[in-house]
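One structure is given here, and the rest of the page talks about it.
All values below were derived from every heavy atom in this structure, side-chain atoms included, with hydrogens, water molecules and symmetry-related copies excluded.
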Amino acid sequence: MALLRQEVDPGEVGLDAKVLDRLDRYLTGYVDEGRLPGYLMAVARGGRVAHLTTHGHRDLAAGLPVEADTLWRIYSMTKPVTSVAALLLVEEGRLSLDDPLERHLPAFAEPRVYISGSGAGMVTRPADGPIRIRHLMTHTAGLTFAFYHTHPVDALYRDANLESAVLPGSDLATTVDVYASLPLQFEPGTQWNYSVGANVLGRVIEVVSGQPLDEFFAERVFGPLRMTDAGFCVSGEQTGRLAELYGETEAGGIEPVPGLPLRGRPRFLSGSGGMVASAHDFHRFMEMLRRRGELDGTRLLAPATVDLITSNHLPGGADLRSFGSRPAHDEPGNDGVGFGLGVSVVVDPTRTKAPSTRGTYGWSGAATTTFWADPSRDLTVQFMTQVRPKSSRPLFQDLKRFVHEAVTGA
């Protein structure tokens, strides 16, 4: 176990401690009002942690506080890790971003695209081209989620018992085959829709590497980066450090809700949202990206590969708003925000909902976790809590506003 620690005073790295204190008071208000159980907030500049705050509880009923070693379900913050894992195989020449998906998963050999109708009356046509590996990372494959309730194909996912993106009781291979049997919402590579693509990518990693996804992550990502607590389940020693998961009530409070089955290796290894990690773990992952693929003398990816991850890959250089999509949480989908290989990327700071700089990238998770890196300001930021909200909150935008205001020096 390794702990994230504050390494430097904010002023030494050009951050205003008074603004960061205001940020702490803002977040403490969420806890005091019963809207969050507790949180961890960390801001690093130049790789050194200059602000680290914990407040409230990781388990309200047990009275256990949030601590630096608390473990968090990071849900969709797993997706960038899955992209990095796949890109290791790309760099080795065992996979290509332009590979047709069917080369590795034959069930996707004849994708069909939605035209009209719904249910048994749905009309589809053969896709003009294949789904490619890059489409999985960029959510441009035409796949979807069952819980959107915005498109007739979403309903087919629900009819296939994929409400939670996994066929109950099944493993990754079986579930991905079910995805392959369903039509696409659009021609691959033409639009953006947040989807199960990272689960499909996880299965590709298994097939190409010959290893289960959790073993590949542990050997090729967690080990080299010394992410000592990260994984798809918790050990007996780790169990007491795992934060309780809460859901938002209709009245705006919170109550415990079921979470990922982390006590024991899950049968379904989700590259989309299955990971648990500590703040120390995710700090190291962010720092590897900020340093363009290298950390503490260990090079995980080539600088050019990280530049690909953090560049906008949407068709025509568009932003997410252009496609009218509704992601599962409220940071993505903004004007001025594009999408890279597993992360959102700011392409026009003048149009975003929160203050930012061009090239800032990151992602969020369903339990109100988020991270971002701002290369132009040498910042990495993470926020951890464990609440699944019923509706969007201004929290992430406010976090960005406070951190943006705190930067006083180059």
Residues passing the side-chain contact (heavy atoms from CB on, under 4.5 Å) test with T360, sequence neighbours excluded, are V346, T357, W372, D374

Identify all side-chain donor-acceptor contacts of residues 158-167 below 3.5 Å with residues at least two apart in sequence or on another chain.
from	atom 1	to	atom 2	distance (Å)
R158	NH1	A146	O	2.6

Side chain to side chain donor-acceptor pair (under 3.5 Å): which pairs involve residues 204-215, sequence neighbours left out?
R203-E206, Q211-E219, D214-R265

Just by distance, no angles: are the side chains of S76 and K79 close enough, under 3.5 Å, to form a donor-acceptor pair?
yes

Output field: ring centroids F145/Y157 closer than 6.0 Å:
no

Do side-chain atoms of R267 reach the backbone of G169 as a donor and acceptor pair under 3.5 angstrom?
yes

Report yes or no: does Q382 contribute a side-chain atom to a donor-acceptor pair with the main-chain N or O of A279 at less than 3.5 Å?
yes

Within the 3.5 Å criterion, strictly below it, is a donor on T305 or E91 matched to an acceptor on the partner's side chain?
yes

Could you work out, with side-chain hydrogen bond (donor to acceptor under 3.5 Å, both in side chains) as the rule, every residue matching D348, not counting sequence neighbours?
T350

Check: W363 ring centre within less than 6.0 Å of F371 ring centre:
no

Could you check whether H51 and T53, counting side-chain N and O atoms only, form a donor-acceptor pair closer than 3.5 Å?
yes

Among residues at least two apart in sequence or on other chains, which ones pass ring pair (Phe, Tyr, Trp, His ring centres under 6.0 Å) with F222?
F217

Who are the side-chain hydrogen bond (donor to acceptor under 3.5 Å, both in side chains) partners of R351, not counting sequence neighbours?
D319

In a check of side chain to side chain donor-acceptor pair (under 3.5 Å) between D99 and each of H104, R132, R94, which one passes?
H104

Going by side-chain contact (heavy atoms from CB on, under 4.5 Å), L27 matches just one of L395, T385, L40, D32. Which one?
L395

Please say which of F323, F186, Y194 ends up in a ring pair (Phe, Tyr, Trp, His ring centres under 6.0 Å) with H139.
Y194

Tell me yes or no: between the side chains of T249 and E255, is some donor less than 3.5 Å from an acceptor?
no

Between G202 and L172, which heavy-atom pair has the shortest distance, and what is it?
C-CD2, 3.8 Å

R35 to Y246, cation-pi by 6.0 Å centre distance and 45° axis angle:
no

When you compare the side chain of L301 with that of R292, does any pair of heavy atoms fall below 4.5 Å?
no

Side-chain donor or acceptor of Q386 paired with backbone N/O of R73 under 3.5 Å
yes

Is there side-chain contact between L97 and L87, with heavy atoms separated by less than 4.5 Å?
yes

Less than 6.0 angstrom separating the ring centers of F383 and W72, yes or no?
no

Check whether any side-chain heavy atom of L156 lies under 4.5 Å from a side-chain heavy atom of M122, and answer yes or no.
yes

I want to check something: taking the side chain as every heavy atom from C-beta on, are R22 and E405 in contact at a cut-off of under 4.5 Å?
yes

